[in-house]
Number of protein chains: 2
Amino acid sequence: MTTTLPVASTVCCAPLVRAPLGAEDATRLATTLKALADPARLRLLSLVAAHEGGEACVCDLIEPLGLSQPTVSHHLKVLVDAGLLTREKRGVWAYFTLVPGALDAVASVLTTTGS
Amino acid sequence: MTTTLPVASTVCCAPLVRAPLGAEDATRLATTLKALADPARLRLLSLVAAHEGGEACVCDLIEPLGLSQPTVSHHLKVLVDAGLLTREKRGVWAYFTLVPGALDAVASVLTTTGS
DNA sequence: ACGGGTCATCGACACATGTCAATATCGACG
DNA sequence: CGTCGATATTGACATGTGTCGATGACCCGT
């Protein structure tokens, strides 16, 4: 294990602009946002979502990204650890899928129109 | 100028899970998300939003964050450069305010329920 | 004009991060 | 069993980032 927690489900808490969020909540949210704050990872999420069946294996993602296979694997691991993707190994291939509601949870914390 | 562009208004584009977003769009989005992906900056946004009148000066933010004044000033600059905060100097004090719709723009890009 | 208070900038430092080449792991299939 | 092909892990490297102390710039009373 390289990272810490199942974060995306821990994003929880208040809409950020309602109450001055504490240090712990801020750290958890920042951890999830750090996972998102990378061009390669954003494109990975986008590619997985747009791929047929909503799932894609590493081999599908290497070429469109233009990055090496280890780098792609690394980014995918970050996204899985952040709770944004799930990894399912079928035979030789590893299939990745969006975690339902994970991105929306982040979005809802950032939304200000909940007043 | 340390950074690049008025980003928050440039977040634009598609909801991320609709079409595989291009390299440029991914970079722009990542830039904005990087500005958000820090506990101190998240708490700053939260503190400013919760503060009386929706605005706060640096001196209001130093103590609740527990960081040095230069560090707070640095984080505020990052948020302003990202288009998430506005800075207005009145007399000796610098007042910061949330840019209306900036956070919501980021949130809408992340939302998947736009199908 | 002077001094005190608010904020920004600079320089330095430790640490995290993205990337790749090389290597390891592991399943499928002759 | 041996090999090939798909992923993951490791090690190394350059670069980016958060933090602070020191300093500079600015406004405002006195």
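Nothing here was measured: the structure is a model prediction, and the numbers come from that model. For the numbers below, each heavy atom of this structure counts, side chains included, while hydrogens, waters and symmetry mates do not.
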Next item on the list: Considering non-hydrogen atoms only, spot the tightest contact between Ala102(B) and Leu84(B) and give its length.
Entry: CB-CD2, 3.9 Å

Item checked: Non-hydrogen atoms of Ala37(A) and Lys34(B) that approach each other most closely -> O-NZ, 3.0 Å

Note to self: Within the 3.5 Å criterion, strictly below it, is a donor on Thr111(B) or Ser108(B) matched to an acceptor on the partner's side chain?
What the structure shows: no

Checklist line | Any residue of residues 88-97 of chain B with a heavy atom less than 4.0 Å from an atom of DNA chain C | finding: Val92(B), Trp93(B), Ala94(B), Phe96(B)

Check: Which two nucleotides bound the region of DNA chain C that has atoms under 4.0 Å from heavy atoms of chain B, read 5' to 3'?
Finding: dT6(C) to dT9(C)

Next item on the list: Write out all pairs satisfying salt bridge (Lys or Arg N to Asp or Glu O under 4.0 Å) with one or both partners inside residues 88-108 of chain B, taking only residues at least two apart or from two chains.
Entry: Glu55(B)-Arg90(B), Glu88(B)-Arg90(B)

Notebook entry, point to check: Over how many whole Å does the gap from His74(B) atom NE2 to dG16(D) atom P extend?
Noted result: 14 Å

Margin query: Short of 4.0 Å, heavy atom to strand atom, which residues of residues 39-72 of chain A count as contacting DNA chain C?
Written below: Arg41(A), Leu67(A), Ser68(A), Pro70(A), Thr71(A)

Margin query: Strictly distance-based, threshold 3.5 Å: is any side-chain N or O of Ser46(B) a donor or acceptor partner for the main-chain N or O of Leu16(A)?
Written below: yes

Next item on the list: Say whether Leu98(A) and Val106(A) are linked into one hydrophobic cluster, either directly or through other cluster members, by side-chain heavy-atom distances under 4.5 angstrom.
Entry: yes

Note to self: What's the angle between the local helix axes at either end of the helix from dA1(C)-dT30(D) to dG30(C)-dC1(D), using five pairs per end and rounding to 10 degrees?
What the structure shows: 20°

Check: Among all residues two or more places apart in sequence or in another chain, which pass the side-chain contact (heavy atoms from CB on, under 4.5 Å) test with His51(B)?
Finding: Ala56(B), Asp60(B)

Checklist line | Side-chain heavy-atom pair Leu61(B), Val48(B) within 4.5 angstrom cut-off | finding: yes

Notebook entry, point to check: When the distance from NZ of Lys77(B) to C1' of dG18(D) is rounded to whole Å, what number comes out?
Noted result: 16 Å

